[in-house]
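These notes are about the structure you will find just below.
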Amino acid sequence: MNSSHSSAAPRSPHTFRTVFPVLALCWLAVFFDGMDVNIYGAVMPHMLDDSGLGLTPATAGTIGSWTTFGMLIGALTAGNLTDWLGRRLMLVASVTLFSLGSAICAVAPGVGLFGAGRFVAGLGLGGLMPLCLAMVMEFAPPRRAALTTGLLMTSYHFGGMAATGLGLTLAPAAGWRWVFWAGVLPALVAVPLLLKLLPESPGVLLAHGERAKADAVADRYGLPRPTEVAAPAAGAAGRLAAIRALFRPESRWATPLLWLASFSGLLLVYGVSTWLPQMMRASGYGLNSSISFLMVINAGGIVGLLIAGRAADRFGAVRVSAIWFVLTAAGALLLKSQLPLGVTYAVVAVTGVFLFSAQVMVYAATNTVYRDSERAAGLGWVTGIGRTGAVVGPWLIGVLATNGNQSWGFTTFALAGLVGAVTIALVPLARRIGRSDAPATPAPVAATAGLS
């Protein structure tokens, strides 16, 4: 085995330049993800004004939760389907699904079919994010995982800004339905590019028994050739084994903390993405200003990800995430106050710097907790369990809005930020406790005995 590796063909260097095609294609896919997620919040004020649709604040929050419930199912099932189809085809299927969901929303005559369309879109959106994150982390240059993750996630916020731009320009001129027709673009633009240019994961190829193809992709992009331990196990038994591995002694205490931090972070992300314009409108700001806040907070998110990625590579993703969560809580409490418009724009932008990248650094922190063979499963469950926060956020703010208590939404966001800060900050302690427990289990001796 070693000799075959030593006689390999010349390999490409492992740099940003060599893996740029993979990063660029995943960036494009997540751009459309961000556009689709933010479209609903960007046009909600116009939809609430459309008496023919019959949307109310209560049903608006419920539909937002149906979207994220679809994401939860998509995130938790994508890994199983990846065993059969591979990551590349699952990415294509995810993009196709949320484009189809957007088309259903565009033609929906009432809230029932519209909600079904958002659920279908959620199925695709939920599967896409963990797949792209796993691909980018696998292809990322050494010691640049956090920065690469941050660069990938800037695309989500560029997509959110594009959705806001459509909400500010296309919705008033042509109606909110045309904004959802724009959400069909991913199927026309991204799908052909993904099919033609995106390589399959070397680890997945190896798990499918395609050693030669796995080595060829690894050599082309400068990656280490995958080993059996780095390859995700296939089939239902493999998935169960991967889940059990998340609770091995070294990570069994860190895993639930990562889940709770992800719950808090995604409650913030999707609660804000769905409700910020309407919450600001209810606070007395004009329609255009209220929608513009969504663009401003996404612009802050882009800056924050670039800062957080570099800071996390230097100081650690856990530390950066914890500090970012605390600063997000402070920003949410400031937004509860009645501030002058210019000051409010500044607070929204600064809050965006910390809010979104706090959650992304939770994803980056999984890289320090799980082994290579557990990374995809770990990410899938961190994002999947976190999606319950994405379900709760839009629904809870919708309930508060129905009762005229939108201002409590900002308090809810602040509390979520504090919970996220505490749980992610405890991850290093949990890992140390896990490592101290590990020697009590004579795993190496048992493994040796079994082999003999």
Side-chain angles (χ1 to χ4, degrees), residues 16 19 23 26-27 30 129-130 132-157 246 250-269 300-329 352-372 374-386 389 416-435:
F16 273 118
V19 301
L23 303 182
C26 289
W27 194 98
V30 175
M129 188 66 75
C132 281
L133 284 165
M135 283 285 284
V136 162
M137 285 189 177
E138 181 176 8
F139 280 78
R143 297 179 300 279
R144 289 292 182 266
L147 175 60
T148 307
T149 303
L151 288 172
L152 172 71
M153 293 305 296
T154 61
S155 60
Y156 175 93
H157 301 291
L246 304 183
E250 294 85 351
S251 58
R252 65 185 172 195
W253 301 113
T255 290
L257 289 172
L258 287 170
W259 288 0
L260 188 53
S262 184
F263 173 92
S264 302
L266 286 175
L267 186 153
L268 280 163
V269 168
I302 293 170
V303 175
L305 286 167
L306 296 175
I307 296 171
R310 289 186 175 276
D313 280 333
R314 182 172 180 181
F315 300 109
V318 167
R319 185 179 302 175
V320 170
S321 181
I323 295 171
W324 263 226
F325 269 125
V326 170
L327 294 172
T328 298
V353 168
F354 303 115
L355 187 156
F356 299 103
S357 48
Q359 169 63 21
V360 174
M361 290 304 108
V362 174
Y363 297 148
T366 63
N367 216 36
T368 67
V369 174
Y370 301 120
R371 299 174 296 191
D372 288 346
E374 300 157 2
R375 184 183 296 132
L379 268 174
W381 279 88
V382 167
T383 56
I385 297 299
L418 291 177
V419 171
V422 171
T423 50
I424 194 67
L426 288 173
V427 166
L429 175 62
R431 292 187 66 215
R432 286 196 293 272
I433 293 173
R435 283 196 296 267

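All values below come from the heavy atoms of this structure, side chains included, with hydrogens, waters and symmetry mates left out. Nothing fancy with the numbering, it's 1 onward along the sequence.
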If you measure only the distance, is there a donor-acceptor pair under 3.5 Å linking the side chains of W259 and T423? no
Could you state the interatomic distance from CG (L152) to CE (M135), rounded to the nearest 0.5 Å? 11.0 Å
Looking only at heavy atoms, the pair that brings L268 and A416 closest together is CG-CB, 4.0 Å
Indicate the atoms forming the closest heavy-atom contact of A425 with V318, along with that distance. CA-CG1, 4.3 Å
Contact between L305 and V353 at the side-chain level, heavy atoms closer than 4.5 Å - yes or no? no
I'd like to know if the side chain of S155 reaches the main chain of L151, judged simply by a donor and an acceptor atom lying under 3.5 Å from each other, with no hydrogens or angles considered. no
Between Y156 and V269, is any pair of side-chain heavy atoms under 4.5 Å apart? yes
Mind checking side-chain contact (heavy atoms from CB on, under 4.5 Å) for S262 and listing every partner two or more places apart, or none if nothing turns up? L266, Q359, V362, Y363, V382
Run the side-chain contact (heavy atoms from CB on, under 4.5 Å) check on L258 and I424 step by step: do they pass? CA-CA 6 Å; L258 287 170; I424 194 67; 3.8 Å; yes
Tell me, please, which residues at least two apart from A421 pass side-chain contact (heavy atoms from CB on, under 4.5 Å). F325, V326
Under 30°, 30 to 60°, or over 60°: which ring-plane class applies to W324 and F354, parallel, tilted or perpendicular? perpendicular
Can you name the closest pair of heavy atoms from A308 and M361 and give their distance? O-SD, 3.9 Å
Shortest non-hydrogen separation from A430 to A254 and the atoms involved: CB-N, 3.7 Å
Considering all heavy atoms of both residues, which atom of A317 and which atom of A365 are nearest to each other, and what is their separation? CB-N, 3.9 Å
